[in-house]
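Presented below is the structure to which this report refers.
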2 protein chains.
Amino acid sequence: MPPRAQEDPTPAEWQVLSLVWKAGPLPTRQIIATLQEQTDWSTSTIKTLLRRLVDKGHLSTRAVGNSFVYSAKKSPQSALRRAGETLLGHANEATVAPLLAHLVKKSGLNRDELAELRELIDDLSQDAADEEGKS
Amino acid sequence: MPPRAQEDPTPAEWQVLSLVWKAGPLPTRQIIATLQEQTDWSTSTIKTLLRRLVDKGHLSTRAVGNSFVYSAKKSPQSALRRAGETLLGHANEATVAPLLAHLVKKSGLNRDELAELRELIDDLSQDAADEEGKS
DNA sequence: CCGTTCTGTCTACTTTTGTCGACGGGTGTC
DNA sequence: GACACCCGTCGACAAAAGTAGACAGAACGG
């Protein structure tokens with residue numbers, strides 16, 4: 001399976017990545033401990049995933065004592081955006097809107113975040129109106 | 001790689017699936033023709049993808065003449081939602097909002113759709129206010 | 001010092017996914 | 001009827017992803 005934009009993390013890798021994003025730079029020991037609470041992966045498996053993430057450039061390591069501390073190399077945003085765009089790419093005119101609605105509902109944004117999002121939408125509506133009025 | 005919630009389509013499969021969603025029930029011949037305009041997959045490859053999608057329950061077939069007509073078995077919505085939820089799952093408090101904003105921006109919704117989304121957000125804001133006010 | 005423990009590296013094995021070519025049965029056409 | 005075409009099914013094979021055991025050296029407790 002040749003082309004798999006090798007920068008995209010695989011499902012299992014996402015899980016590791018998310019943890020590092022969420023909990024900041026972490027030593028191997030801790031990553032393993034935390035992940036083993038959520039999954040039933042063996043120690044080896046996690047180490048392999050970690051190694052592959054480093055290989056793919058998602059994580060970077062810093063030696064501390066006899067072990068490594070992993071930190072995200074790229075911003076979570078960029079990876080999430082990429083993945084998000086891929087998702088949008090799968091939708092079409094008829095399905096985009098419902099999809100967005102679903103995501104917003106499920107996202108659990110708080111009041112402030114919702115307000116901000118609404119502002120964004122207002123701006124976009126304005127643009128859309130200009131666009132559509134023009135043509 | 002044992003457990004891959006076998007219902008989730010793989011990248012290559014998504015492409016086939018999207019086509020069927022977009023263009024409604026289609027005969028093999030057409031699917032192949034269309035996909036070969038977008039990719040450089042061989043006929044065999046596409047047939048295999050089609051077969052696997054049927055196996056996984058994403059598409060259903062109906063024999064028409066000496067060939068098959070494929071149609072989506074599940075609504076595009078459900079597959080998109082699943083994928084969307086997976087994506088949300090990768091984000092966290094700090095990254096969800098920016099992600100959503102990005103998606104809305106990229107989604108290219110038109111005026112009406114934006115208006116509808118805005119209404120949804122207003123509703124949610126109301127709920128959030130209740131929630132937060134209560135506790 | 002010496003065995004125990006922890007850590008990272010290697011190697012390896014199984015499923016999936018990505019891609020196809022080879023076949024075998026219909027159909028249509030001179 | 002003989003031959004060229006479509007079509008679907010099989011079988012295959014390489015690369016990627018998932019999962020994990022084995023091993024070597026550093027660090028640690030006694």
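Only heavy atoms go into these numbers, but all of them, side chains included; no hydrogens, no water, no symmetry mates. Proteins get letters first, then strands, A, B, ... in listed order; numbering begins at 1 in each.
- Rounded to an integer number of Å, the gap from A:Leu49 CG to C:dG8 C1' is 15 Å.
- Remark: A:Asn66 engages no residue in a side-chain hydrogen bond (donor to acceptor under 3.5 Å, both in side chains) (not counting sequence neighbours).
- As rounded to whole Å, 13 Å separates atom P of D:dG18 from atom CH2 of A:Trp14.
- Of the residues in residues 20-38 of chain B, not one comes within less than 4.0 Å of DNA chain C through any heavy atom.
- Pairs of residues two or more places apart, or lying in two chains, never qualify as side chain to side chain donor-acceptor pair (under 3.5 Å) while including a residue from residues 23-32 of chain B.
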- request: Would you sort out whether A:Leu109 and B:Leu124 count as a side chain to side chain contact (heavy atoms under 4.5 Å, CB included), showing the intermediate values?
  value: CA-CA 9 Å; A:Leu109 296 181; B:Leu124 292 175; over 6 Å; no
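- Annotation for A:Ala79 and A:Trp14: closest pair O-CH2, 3.9 Å, computed over non-hydrogen atoms.
- Of the two residues contacting DNA chain D, namely A:Glu13 and A:Gly65, the nearest-nucleotide position lying further toward the 5' end is that of A:Glu13.
- Rounded to whole Å, the distance from CG on B:Leu53 to C1' on D:dG8 is 16 Å.
- With sequence neighbours left out, the side-chain hydrogen bond (donor to acceptor under 3.5 Å, both in side chains) criterion links B:Thr45 to B:Ser42.
- Within the structure, the side chain to side chain donor-acceptor pair (under 3.5 Å) test picks out no pair touching residues 67-76 of chain A (sequence neighbours left out).
- No side-chain donor from either of A:Gln15 and B:His90 sits under 3.5 Å from a side-chain acceptor of the other.
- Dashed line: the shortest gap from a side-chain N or O of A:Ser67 to OP1 or OP2 of C:dG8 is under 4.0 Å.
- A straight line from CG of A:Leu17 to P of D:dA17 spans 14 Å, rounded to a whole angstrom.
- The interatomic distance linking A:Leu50 (CG) with D:dT19 (P) rounds to 15 Å, in whole Å.
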message: Let's go through A:Glu85 and B:Leu103 carefully: what are the C-alpha distance in whole Å and the side-chain angles of both, what is the deciding distance for side chain to side chain contact (heavy atoms under 4.5 Å, CB included) to 0.1 Å, and is it a yes or a no?
response: CA-CA 7 Å; A:Glu85 280 162 33; B:Leu103 291 180; 5.6 Å; no
Polar atoms only, N or O, under 3.5 Å: list the protein pairs with nucleotides 20-25 of chain C and their distances.
residue	atom	partner	partner atom	Å
C:dC20	OP2	B:Ser42	N	2.9
C:dC20	OP2	B:Thr45	OG1	2.7
C:dC20	N4	B:Thr48	OG1	2.4
C:dG21	N7	B:Ser44	OG	2.5
C:dG21	O6	B:Ser44	OG	3.2

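- The 12-atom threshold is exceeded at CD of A:Gln77, counting heavy atoms of other residues, nucleotides or ligands nearer than 6.0 Å.
- In this structure, CG of A:Asp8 is placed 13 Å from P of C:dG18, rounded to the nearest angstrom.
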